[in-house]
Amino acid sequence: MQGFIFLEGRYVPSPYEVDFDGDALTINGREFKADAFDLSDYEEREREREGRFGRRRPRWGREARVTHGDPQVQRVNYTEEAWRFREPVEASPADLYRRFYEDIRSVDFGMIVVLYSGERPRMLYPEQGGMDLLRALRDSDGPAAMTQISSRVEPTDASLSRLLTEFQPTPEFSEHVEAKLKKFDQAEADGERVTAATHWISKISYPLTVFAMAVVVLGFGHLLSNRPQIESSATDPTDWSKHRKVVGQSLLIVALLSAVDLIWTLGTANAGLMRELNPLGSGMIAEPVRLFLFKATVTGMSIGILYRLHRRPVAQVASWWCCLLLTLLTARWVMFQSMFL
């Protein structure tokens with residue numbers, strides 16, 4: 001989404017078309033000459049850049065490239081035995097204006113640009129006070145908002161103080177800023193959720209992994225020792241208490257491993273470490289309470305039905321296979337989590 005341009009205290013509606021022909025800058029069809037704004041900041045920046053990089057050439061350099069039309073670049077021959085020095089070249093107004101134009105083009109990436117004739121241009125990124133400025137302009141907080149904004153910008157910024165004093169929101173601005181703030185707030189909330197989930201999963205990862213490993217071992221031992229028998233011998237009496245015990249143990253392991261799967265799913269998905277492919281689960285992954293209630297209800301009902309039908313062979317086979325699937329799934333989780341310990 002594009003940023004915002006404020007010109008002479010008024011919002012310039014987007015989309016923005018910014019052009020430069022070498023002598024003049026055009027913003028949405030309005031032309032500005034090189035002396036329209038105070039570009040002293042660009043002169044200071046150019047002198048700093050020239051002082052750090054312009055006077056001394058690298059030892060390994062052979063020959064500087066020639067760029068026609070750019071007075072900053074000079075053709076210089078080198079030898080590997082000596083350094084070459086050159087006097088810094090004063091940047092022309094056209095060069096400064098071109099750099100100013102390149103900065104304004106950052107409005108396509110969310111930059112907030114404040115322009116007043118004869119004053120220094122002010123450009124803010126959203127995370128560097130730009131969102132605070134937009135909220136203040138939306139709410140018409142006036143100069144009082146500078147207290148909050150000055151923590152991220154220059155406290156004596158005349159352009160921002162003037163804008164906060166003079167600006168009157170328009171319907172186009174209100175629509176644009178509401179969409180921008182909604183998107184920014186959503187991204188900020190997502191970032192906070194990911195940070196909290198990452199911190200939470202790092203705290204519980206080790207004890208949960210140890211617990212899951214122990215239950216997986218018990219699960220495999222239980223599965224190997226109690227393979228279901230679909231058909232029983234007519235001569236041997238059926239021991240229903242044993243069937244109830246085996247089915248109950250299978251379902252207990254299913255319940256424990258389902259809880260482990262839910263905890264790891266919520267933590268890793270919200271931390272951005274995995275993507276939930278289950279269409280039902282992915283729709284509720286951002287609402288942990290809803291997902292917990294859904295999974296607890298479905299799992300609890302399934303366990304209750306299978307235990308109630310423990311005398312039936314189909315229930316015995318189903319509970320055994322459910323235990324096997326959850327054991328294999330948790331073994332996969334253990335392998336996955338062990339890579340981050």
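This is a predicted model, so every value here is computed, not measured.
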Visitor: Would L262 end up clustered with L293 when hydrophobic side chains under 4.5 Å apart are linked, directly or stepwise?
Guide: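 Hydrophobic grouping puts L262 with L293.
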Visitor: Looking only at non-hydrogen atoms, find the nearest pair between F336 and T268 and report the distance.
Guide: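 Reported closest heavy-atom pair: CE2-CG2, 4.1 Å.
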Visitor: Taking all non-hydrogen atoms of both residues into account, name the closest pair between F37 and P121 and its distance.
Guide: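 So the two residues come closest at CB-CG, 4.2 Å.
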Visitor: State plainly whether the residues K182 and D185 are in salt-bridge range, i.e. N to O under 4.0 Å.
Guide: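 No, this pair does not count.
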Visitor: Mind checking who shares a hydrophobic cluster with I305, ILVMFWY linked at side-chain heavy-atom distances under 4.5 Å?
Guide: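 Hydrophobic cluster check, I305: joined to L309.
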Visitor: Check whether T299 reaches the backbone of A296 with its side chain - one donor and one acceptor, N or O, closer than 3.5 Å.
Guide: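 Between the backbone of A296 and the side chain of T299 there is no qualifying donor-acceptor contact (under 3.5 Å).
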Visitor: Does M213 CE have over 12 foreign heavy atoms under 6.0 Å away?
Guide: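 Counting other residues, nucleotides and ligands, CE of M213 stays at 12 neighbours or fewer.
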Visitor: Taking atom OH as the centre, does Y125 end up with more than 12 heavy-atom neighbours from other residues, nucleotides or ligands that are less than 6.0 angstrom away?
Guide: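 Not buried by this count: 12 neighbours or fewer within 6.0 Å.
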Visitor: Tell me whether R120 is salt-bridged to D38, with the criterion being a basic N under 4.0 Å from an acidic carboxylate O.
Guide: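 Answer for the salt bridge query: no.
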Visitor: Does CZ belonging to R332 count more than 12 external heavy atoms closer than 6.0 Å?
Guide: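 No, the 6.0 Å shell around CZ holds no more than 12 heavy atoms from other groups.
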Visitor: Work out which heavy atom in V247 is nearest to a heavy atom in L306; give both atom names and the distance.
Guide: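 Closest approach of V247 to L306: CG1-O, 4.1 Å.
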Visitor: So, N226 side chain and V246 main chain: donor-acceptor pair closer than 3.5 Å or not?
Guide: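 Such a contact is absent between N226 side chain and V246 backbone.
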Visitor: For a quick check under 3.5 Å, do W333 and D261 share a side-chain donor-acceptor pair by atom type?
Guide: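 Looking only at side-chain atoms, D261 and W333 do form a donor-acceptor pair, the distance falling under 3.5 Å.
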Visitor: Between N28 (side chain only) and V18 (backbone N and O only), is there a donor and an acceptor less than 3.5 Å apart?
Guide: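 It does not hold such a pair.
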Visitor: Where is the tightest heavy-atom contact between L324 and L223, given as atom of each residue plus distance?
Guide: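 Minimum heavy-atom separation between L324 and L223: CA-CD1, 3.6 Å.
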Visitor: Tell me if the CD atom of E8 is crowded by more than 12 foreign heavy atoms within 6.0 Å.
Guide: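 Enclosed.
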Visitor: Any donor-acceptor pair under 3.5 Å linking the side-chain atoms of Q316 with those of H310?
Guide: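 Looking only at side-chain atoms, Q316 and H310 do not form any donor-acceptor pair under 3.5 Å.
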Visitor: Examine W320 and L224 and state if one hydrophobic cluster contains both, with Ile, Leu, Val, Met, Phe, Trp and Tyr joined whenever side-chain heavy atoms are less than 4.5 Å apart.
Guide: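 In one cluster: no.
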Visitor: Under the ring pair (Phe, Tyr, Trp, His ring centres under 6.0 Å) rule, collect the residues that match up with F184, sequence neighbours excluded.
Guide: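 Expected list: none.
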Visitor: Can you list everything that forms a side chain to side chain contact (heavy atoms under 4.5 Å, CB included) with R105? Sequence neighbours excluded, please.
Guide: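 Only Y101 meet the side chain to side chain contact (heavy atoms under 4.5 Å, CB included) criterion with R105.
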Visitor: I'd like to know if E166 pairs up with R10 as an ion pair, taking the criterion as any Lys NZ or Arg NE/NH1/NH2 lying under 4.0 Å from an Asp or Glu carboxylate oxygen.
Guide: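 R10 and E166: not salt-bridged.
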Visitor: Under a 3.5 Å distance rule, please check whether S225 uses its side chain to pair with a backbone N or O of H222 as donor and acceptor.
Guide: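 Such a contact is absent between S225 side chain and H222 backbone.
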Visitor: F167: what forms a ring pair (Phe, Tyr, Trp, His ring centres under 6.0 Å) with it, not counting sequence neighbours?
Guide: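 Result, ring pair (Phe, Tyr, Trp, His ring centres under 6.0 Å) vs F167: F6, F173.
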Visitor: Excluding sequence neighbours, so at least two apart, what forms side chain to side chain contact (heavy atoms under 4.5 Å, CB included) with K203?
Guide: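 Scan of K203 (side chain to side chain contact (heavy atoms under 4.5 Å, CB included), adjacent residues dropped) gives H199.
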Visitor: Can you sort out the partners of E31 under salt bridge (charged side-chain N to carboxylate O under 4.0 Å, His left out), two or more places apart, ordered by chain and number?
Guide: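 Checked E31 against salt bridge (charged side-chain N to carboxylate O under 4.0 Å, His left out); matches are K33.
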Visitor: Where do V177 and F4 come nearest, in terms of heavy atoms and distance?
Guide: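 Scanning both residues, the minimum pair turns out to be CA-CZ, 3.7 Å.
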Visitor: Whether the side chain of Y16 engages the backbone of V12 through a donor-acceptor N/O pair (distance < 3.5 Å, no angle test) should be reported.
Guide: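 Yes, Y16 side chain to V12 backbone: donor-acceptor pair under 3.5 Å.
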Visitor: Are there more than 12 heavy atoms of other residues, nucleotides or ligands under 6.0 Å from atom CZ of F292?
Guide: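 Open.
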Visitor: What pair of heavy atoms forms the shortest contact from P169 to S174, and how long is it?
Guide: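 For P169 versus S174, the nearest heavy atoms are CB-OG, 4.2 Å.
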